[in-house]
Amino acid sequence: ERNGFFIKGKFEQYQQNIPYFAFRQALTELCLKLQSDTEQEYSHFKSDILQSIGNLGQVLVEFVPEFESLLGKQPSLGEISSQEARHRFADVFRNFLKAFCKPEHPLVLFIDDWQWADAASCELLRQLQVGVTLRYLQVIVSYRDNEVGPGHQLMLAVNDLKSHDISVTE
């Protein structure tokens, strides 16, 4: 309501094999919003983002190509294992969100249809550290409860968050 950001994404039934599908949609929407801001706001966020992600901007550009027009050409990345790449991605994603999750402009991330989420997205939900590292972020998840049982990867992620004293409202 007051200078906050609201971004959204949606998992798709036939895109379950694409990691982070809904997160990519949400970040693409945020990038397009930033590009429509005034030059002053645009420059402010560009500076905050670059400071937050350091020399790993190419991770963000590979995830959402539209960010190259916002951030400029980024240094190439060295080769790492797939496990290290997942951890690096989660760190960059979390650090990127830090640029937006501030008292003066909190961020709401709404993601729909988690019943079709991939395992990597559920793991990223765990790794965001909502309420700990990202204090001005609210994540809203929606799913069809008749398709998500106690063993579903989303419920496992939610239970893990609860076990780490992350505030979860159902």
Side-chain angles (χ1 to χ4, degrees), residues 1-34 36-37 41 45 48-49 52-53 56 59-60 62-64 66-67 70 82-170:
E1 183 177 311
R2 294 189 193 132
N3 299 321
F5 291 95
F6 179 88
I7 56 175
K8 61 191 177 308
K10 178 180 178 8
F11 290 107
E12 300 287 342
Q13 183 175 10
Y14 300 108
Q15 306 296 332
Q16 293 180 47
N17 60 337
I18 301 174
Y20 316 116
F21 183 79
F23 287 103
R24 180 176 285 118
Q25 289 177 341
L27 259 62
T28 300
E29 181 181 333
L30 180 58
C31 182
L32 296 174
K33 283 181 183 181
L34 292 174
S36 69
D37 279 349
E41 291 169 321
F45 281 112
D48 283 358
I49 293 167
S52 294
I53 60 177
L56 297 174
V59 171
L60 194 58
E62 287 175 4
F63 186 59
V64 178
E66 290 84 352
F67 273 106
L70 175 68
S82 60
Q83 183 176 2
E84 289 172 318
R86 282 192 304 274
H87 289 294
R88 178 173 67 186
F89 175 77
D91 286 343
V92 169
F93 193 85
R94 187 175 46 252
N95 289 335
F96 167 78
L97 290 178
K98 281 183 191 176
F100 297 93
C101 300
K102 296 181 178 178
E104 59 269 20
H105 48 74
L107 175 67
V108 175
L109 171 61
F110 172 70
I111 298 188
D112 196 10
D113 286 332
W114 277 84
Q115 70 273 7
W116 296 317
D118 58 286
S121 293
C122 290
E123 183 59 28
L124 182 60
L125 181 62
R126 285 182 172 122
Q127 294 173 325
L128 286 181
Q129 301 175 356
V130 176
V132 180
T133 303
L134 298 173
R135 295 196 50 222
Y136 297 95
L137 170 67
Q138 180 178 29
V139 179
I140 302 172
V141 303
S142 70
Y143 58 90
R144 297 178 186 174
D145 59 355
N146 62 329
E147 294 184 34
V148 175
H152 190 279
Q153 53 200 355
L154 172 62
M155 291 295 99
L156 298 174
V158 168
N159 289 335
D160 185 55
L161 293 172
K162 288 178 181 178
S163 74
H164 288 94
D165 294 325
I166 304 298
S167 176
V168 175
T169 304
E170 297 180 54

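Starting from 1, each residue takes its place in the sequence as its number.
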Discussion item. Between Thr28 and Arg24, is the side-chain contact (heavy atoms from CB on, under 4.5 Å) condition met? List the steps.
Written reply: CA-CA 6 Å; Thr28 300; Arg24 180 176 285 118; 4.1 Å; yes
Discussion item. Between Phe100 and Ile7, is the side-chain contact (heavy atoms from CB on, under 4.5 Å) condition met? List the steps.
Written reply: CA-CA 12 Å; Phe100 297 93; Ile7 56 175; over 6 Å; no
Worksheet item: Going through the checks in order, is the side-chain contact (heavy atoms from CB on, under 4.5 Å) test met by Leu161 and Val130?
Response: CA-CA 9 Å; Leu161 293 172; Val130 176; over 6 Å; no
Item to complete: Kindly indicate, with the supporting measurements, whether the criterion side-chain contact (heavy atoms from CB on, under 4.5 Å) is fulfilled by Lys10 and Ile111.
Response: CA-CA 5 Å; Lys10 178 180 178 8; Ile111 298 188; over 6 Å; no
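With contacts defined as side-chain heavy-atom distances shorter than 4.5 Å, the pair Leu107/Gln138 does not qualify. Side chains of Arg144 and Trp116 form a contact here, defined as non-hydrogen atoms less than 4.5 Å apart. Looking at Ile18 and Asp118, their side chains never come closer than 4.5 Å, going by heavy atoms from C-beta outward. Annotation: side chain of Glu104 is not in contact with side chain of Tyr136 (no heavy-atom distance under 4.5 Å). Within the 4.5 Å cutoff, the side chain of Phe11 has no heavy atoms near those of the Gln16 side chain. A 4.5 Å side-chain heavy-atom check between Phe89 and Leu124 finds at least one atom pair inside the cut-off. Here the side chains of Asp91 and Val59 are not in contact, with every heavy-atom distance at 4.5 Å or above.
Taking CD of Glu29 as the start and CZ of Phe5 as the end, the distance is 11.5 Å to the nearest 0.5 Å. Taken to the nearest 0.5 Å, the CG atom of Leu154 stands 7.0 Å off from the CG atom of Leu125. Put simply, CG on Leu134 and SG on Cys101 are 5.0 Å apart, with the number rounded to the nearest 0.5 Å. Expressed to the nearest 0.5 Å, how far CZ of Phe67 lies from CD1 of Ile53 amounts to 8.5 Å. The distance from atom CG of Asn95 to atom CG of Leu60, rounded to the nearest 0.5 Å, is 11.0 Å. Distance check, rounded to the nearest 0.5 Å: OG of Ser121 to CD of Glu123 gives 10.5 Å.
His105 and Ala99 make their closest contact through CE1-O, 3.4 Å (heavy atoms, listed as atom of the first residue, atom of the second, distance). Residues Phe23 and Phe63 share a closest heavy-atom pair of C-CZ, 3.9 Å. The nearest pair of heavy atoms linking His152 to Trp114 is CE1-O, 3.5 Å. Taking both residues in full, the closest heavy atoms of Leu109 and Ala26 are given as CD1-CB, 3.5 Å, listed atom of the first, atom of the second, then distance. Residues Pro150 and Leu156 come closest through the heavy atom pair O-CD2, 3.8 Å.
Asp48 and Lys98 are not joined by a salt bridge, as no carboxylate oxygen comes within less than 4.0 angstrom of a charged side-chain nitrogen. Of the charged side-chain nitrogens involved, at least one lies within less than 4.0 Å of a carboxylate oxygen, so that Glu170 and Lys162 count as a salt-bridged pair.
Side-chain atoms of Lys33 come within 3.5 Å of backbone atoms of Phe6 as a donor-acceptor pair (strictly under, hydrogens ignored). Of the possible donor and acceptor atoms, one in the side chain of Arg94 sits under 3.5 Å from a partner among the backbone N and O of Gln127.
Summarising the local packing, NZ of Lys102 is surrounded by more than 12 heavy atoms from other residues, nucleotides or ligands at distances under 6.0 Å. More than 12 heavy atoms of other residues, nucleotides or ligands sit less than 6.0 Å from atom CZ of Arg88. By the neighbour-count criterion of 12 heavy atoms within 6.0 Å, atom CD of Gln13 is densely surrounded, having more than that number from other residues, nucleotides or ligands.
Side-chain contact of Asp113 with Gln115: a donor-acceptor pair under 3.5 Å is present, judged by distance alone.
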